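Throughout, protein chains are lettered first and strands after them, A, B, ... in sequence-line order, and every chain is numbered starting at 1. Note that the coordinates shown come from a computational prediction; the quantities given were computed from them, not determined experimentally.
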Number of protein chains: 2
Amino acid sequence: MGFPAETIILGDSLEELKKLPDRSVDLVFADPPYNLQLGGDLLRPDNSKVDAVDDDWDRFESFETYDAFTKAWLFQCRRVLKDDGALWVIGSYHNIFRVGATLQDLGFWILNDIVWRKSNPMPNFKGTRFTNAHETLIWATKSRGGKRYTFNYDAMKMANDELQMRSDWTLPLCTGEERLKDETGAKAHPTQKPEALLHRVILASTRPGDVILDPFFGTGTTGAAAKRLGRRFIGIEREEAYAKLARQRIAKVIPATADEVVITGSKKSEPRIPFGQIVEAGLLRPGDVLYDDKGRHAARVRADGSLVVGELAGSIHKVGAMVQSAPACNGWTYWHFKTDAGLAPIDVLRAKVRSQLAA
Amino acid sequence: MGFPAETIILGDSLEELKKLPDRSVDLVFADPPYNLQLGGDLLRPDNSKVDAVDDDWDRFESFETYDAFTKAWLFQCRRVLKDDGALWVIGSYHNIFRVGATLQDLGFWILNDIVWRKSNPMPNFKGTRFTNAHETLIWATKSRGGKRYTFNYDAMKMANDELQMRSDWTLPLCTGEERLKDETGAKAHPTQKPEALLHRVILASTRPGDVILDPFFGTGTTGAAAKRLGRRFIGIEREEAYAKLARQRIAKVIPATADEVVITGSKKSEPRIPFGQIVEAGLLRPGDVLYDDKGRHAARVRADGSLVVGELAGSIHKVGAMVQSAPACNGWTYWHFKTDAGLAPIDVLRAKVRSQLAA
DNA sequence: CTGATGGTTGAATCTAACA
DNA sequence: GTGTTAGATTCAACCATCA
């Protein structure tokens, strides 16, 4: 809990991960080297050379070496994660299958795989394959059936025009102003991710003030998005040049204030109002009759907030389930009371009590 | 080369694969068990039960067992493939990482991973994850830099409105008339794939007359698509009931003549842009204020794309309607942001994101 | 015949707080 | 730990029925 808002560590990912305490971070976002095996130079149809990933940090001798590397950093991430924490990894077909299998072997529990559909991918110049137009992210918890992970379902739904957010996200590549350049004007980092991608990841799976760890920090996209959304971050980066660019970039980011990072909350987080309180407040009287939406069933309200239908008695939920012979029922939306304008769900009475409590 | 046009073998996949000669088939398409690990029953909000995959063939004791199974059948497929042949496997996040890693371990060379985006997936009923809206296919050759594999680049480009076919394919689930039913009218097979998916796979990566092997034949989607497109097929299926249905189904298929191979066009529609994506893209920031055209109402933007006016919160459309006490409102034209030249409707920001996505 | 309405369904690792 | 209970939760297609 004691981490400052911003931490950038210069050093080897694995070595620095080992120095972090157990169960100390809320989220890991990792964009590890892809283990690309590109033979020779790739030429466009006009014979210009494609600026592909050929940095030293992206070369591994074999799958065994890559697997050992993957297992080592994932193991440390799992140790460092809080029990209710989660991890994201992004990759392409070159490495994501190995990363995913290693995750599972280490006990991580996959929640979703997410497809980042690139709206403007690089074409396949030679016409030998399908345009490689997506990358894959894996979202996983520390273990199966562990403590509750953070998923801001309602915020995601709100961000998607009130439809559930799906596992395929269409976002443009990081280009233009956002793409960091070096002194010569060339792109500073070969695989800089768009901030919009991190925005969605962070908004979906963290809360304000959470600590986000990025063991392959690069030019700090995770840090920039975290700062913008009022989250803390720890970034580990081996290359001094990248770390420097990240520091400069993040310094320019204006952090959100506490009230700016408030998002649509879930109903589950609202204070619980027992049905008896509706009766206590006089919004319904003992003896009043409730109906389902079509008026097929009628139930009588008792002074203690229980309902009676013939021989059946119990909570609004239990009686609702029993009259339908259903395994469960949300009594708040199932039962209705008579108004001048017709039947209205008793949930509006709950909302009335809640707003009185808030005032 | 001597295979007949249609072969359906009743038996265990691995045992029957072992009986096939070396280097005898042009393409393998495999839809192996996904090794889903489901808990108890899943109920929809209307209390109806989801018909889950609970068949014996999808139960494995552990990842080790599943990996051994995967390695065994993939090894045989590789032996049976011609040197210029290729293999496709379909799976979900439950198994695809293990399949992909095993492929690579056996020496297969991945050409693409393909995302099947489902236009009508099952929602996530409990609001606990992102809607699982896709499955993944892997396309691989026998080995790196081997003999030239078949890729009908121009046919794919033609099928995609003269644009290179991308690695993400949007196709509906197999439902309606196409979905095979048993005597009781229930679905005959829990995981029948759409023929359109196989159509594209076969059209992309085989030539007329090629031999296509499907070691998990099920109700014969691969056979039906192969026959329709003038390719030969070998299907291996353990369940007599499935094999029988496959035979009946394929008997009804009318093979296309060489010059009438149907190419499925792809419908392109303007992408829907949720308001949340405007915030993700950084065109508006959390805390920014929007106004109606006369500046009578002001609303604050939140990070998830919801708006806040006083106690009211919700989507741009809902909040717009509420402040006007109107039944509905188009938030895109109602809300404006401040620019140097005065107020501008947020619809111009949507246009900007659209053009980024189209670029 | 047409359009509106209601019911069904799909490879799903699908609750959380409290006693 | 475990058991109980409150109460939250769905999208696009296809099909049958009926006005």
Side-chain angles (χ1 to χ4, degrees), chain A residues 84 104 108-113 139-141 143-145 147-149 151 153-154 157 160-167 266-276 294 305 314-318 320-321 326-335 346-347 350, chain B residues 31-55 57-60 63 90-96 116 118-136 170 172-179 181 185-187 189-194 216 218:
Chain A
D84 60 352
Q104 292 179 311
F108 282 99
W109 187 247
I110 297 178
L111 296 171
N112 279 115
D113 60 334
W139 178 37
T141 57
S143 55
R144 181 179 191 174
K147 285 183 72 177
R148 180 71 199 157
Y149 54 91
F151 178 50
Y153 172 78
D154 298 276
K157 190 168 175 175
N160 191 40
D161 275 356
E162 315 214 44
L163 290 176
Q164 285 192 341
M165 189 72 83
R166 299 168 36 120
S167 57
S266 76
K267 287 192 183 167
K268 288 175 190 165
S269 63
E270 290 187 68
R272 189 173 281 198
I273 308 286
F275 180 66
K294 298 227 169 54
S315 73
I316 53 172
H317 313 295
K318 239 183 195 167
C329 169
N330 181 344
W332 292 108
T333 51
Y334 182 72
W335 294 109
I346 58 176
D347 209 18
R350 180 170 63 162
Chain B
D31 182 10
Y34 285 10
N35 190 25
L36 300 184
Q37 293 163 54
L38 306 179
D41 286 346
L42 176 62
L43 297 178
R44 303 168 201 268
D46 66 0
N47 278 322
S48 64
K49 198 175 137 195
V50 173
D51 185 12
V53 178
D54 56 358
D55 305 68
W57 49 255
D58 198 43
R59 275 198 271 274
F60 293 84
F63 283 135
I90 183 168
S92 65
Y93 67 85
H94 310 85
N95 70 323
I96 198 66
W116 169 27
K118 303 177 185 183
S119 55
N120 51 346
M122 194 179 345
N124 181 291
F125 295 114
K126 302 296 186 189
T128 55
R129 305 178 177 197
F130 297 97
T131 305
N132 193 5
H134 74 275
E135 294 188 25
T136 303
T170 306
L173 296 174
C174 179
T175 60
E177 279 291 293
E178 190 188 335
R179 190 86 193 211
K181 307 290 193 299
K187 61 186 175 191
H189 192 283
T191 70
Q192 186 182 339
K193 297 293 176 288
F216 307 98

J.: Considering all heavy atoms of both residues, which atom of B/Phe60 and which atom of B/Pro33 are nearest to each other, and what is their separation?
T.: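 Heavy atoms of B/Phe60 and B/Pro33 come nearest at CE1-CB, 3.8 Å.
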J.: With rounding to the closest Å, how many angstrom separate the C1' atoms on C/dC1 and D/dC18?
T.: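 To the nearest whole Å, 13 Å.
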J.: Any idea how A/Trp139 and A/Tyr149 line up, ring-wise: parallel (<30°), tilted (30 to 60°), or perpendicular (>60°)?
T.: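 A/Trp139 vs A/Tyr149 ring planes: perpendicular.
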J.: Looking at A/His317, I'd like to know whether one of its side-chain N or O atoms comes within less than 4.0 Å of OP1 or OP2 on D/dG7.
T.: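 Checking A/His317 against D/dG7: at least one side-chain N or O falls below 4.0 Å of OP1 or OP2.
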J.: Side-chain N or O of A/Tyr334 versus OP1/OP2 of D/dA8: is the shortest distance under 4.0 Å?
T.: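 So the side chain of A/Tyr334 is outside the cut-off, no N or O lying under 4.0 Å from OP1 or OP2 of D/dA8.
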J.: Using Watson-Crick and G-U wobble pairs with both distances under 3.5 Å, what is the 5'-to-3' dot-bracket string of DNA chain C, with [ ] for crossing pairs and | for pairs outside the strand?
T.: .|||||||||....|||||
J.: Check side chain to side chain donor-acceptor pair (under 3.5 Å) between B/Ser92 and all other residues, then give those that pass, not counting sequence neighbours.
T.: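 Side chain to side chain donor-acceptor pair (under 3.5 Å) check on B/Ser92 returns B/His94.
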J.: Output yes when at least one side-chain N/O atom of B/Arg179 is less than 4.0 Å from OP1 or OP2 of C/dA11, else no.
T.: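 Answer is yes, contact under 4.0 Å.
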J.: Would you measure the distance from the C1' atom in C/dT9 across to the matching atom in D/dT10 and give it in whole Å?
T.: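 12 Å, rounded to whole Å.
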J.: Quick one: is B/Thr175 getting a side-chain N or O under 4.0 Å of the D/dA13 phosphate, OP1 or OP2?
T.: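 No, no such contact exists.
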J.: With a 4.0 Å cutoff (strictly under), does any side-chain N or O of B/Asn132 reach OP1 or OP2 of C/dA12?
T.: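 So the side chain of B/Asn132 is outside the cut-off, no N or O lying under 4.0 Å from OP1 or OP2 of C/dA12.
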J.: Considering only nitrogen or oxygen atoms on both sides, find all protein atoms under 3.5 Å from nucleotides 15-19 of chain C and state each distance.
T.:
residue, atom, partner, partner atom, Å
C/dA16, OP1, A/Arg148, NE, 2.1
C/dA16, OP1, A/Arg148, NH1, 2.9
C/dA16, OP1, A/Arg148, NH2, 3.1
C/dA16, OP2, A/Arg148, NH1, 3.2

J.: Rounding to an integer number of angstrom, what distance separates C/dC14 and D/dT5 when you compare their P atoms?
T.: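 Nearest-Å result for C/dC14 against D/dT5 at atom P: 24 Å.
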J.: Measuring from the side chain of B/Trp57 (C-beta onward, heavy atoms only), which nucleotide among C/dG10, C/dA11, D/dC11 has the closest atom?
T.: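 The listed nucleotide nearest to B/Trp57's side chain is C/dA11.
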J.: Given D/dT4, is OP1 or OP2 found less than 4.0 Å from the side-chain N or O atoms of A/Lys318?
T.: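 For A/Lys318, the contact criterion (side-chain N or O under 4.0 Å from OP1 or OP2 of D/dT4) is not met.
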J.: Nearest of C/dA11, D/dC11, D/dG7 to any side-chain atom of B/Leu36?
T.: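 For B/Leu36, the side-chain atoms sit closest to C/dA11.
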J.: Do other residues, nucleotides or ligands put more than 12 heavy atoms under 6.0 Å from the NZ atom of B/Lys181?
T.: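 Yes, NZ of B/Lys181 has more than 12 neighbouring heavy atoms, counting only those of other groups under 6.0 Å.
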J.: For residues B/Phe125 and B/Leu43, determine if any side-chain heavy atom of one lies less than 4.5 Å from a side-chain heavy atom of the other.
T.: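 When only atoms from C-beta onward are counted, B/Leu43 and B/Phe125 do not touch, as no gap falls below 4.5 Å.
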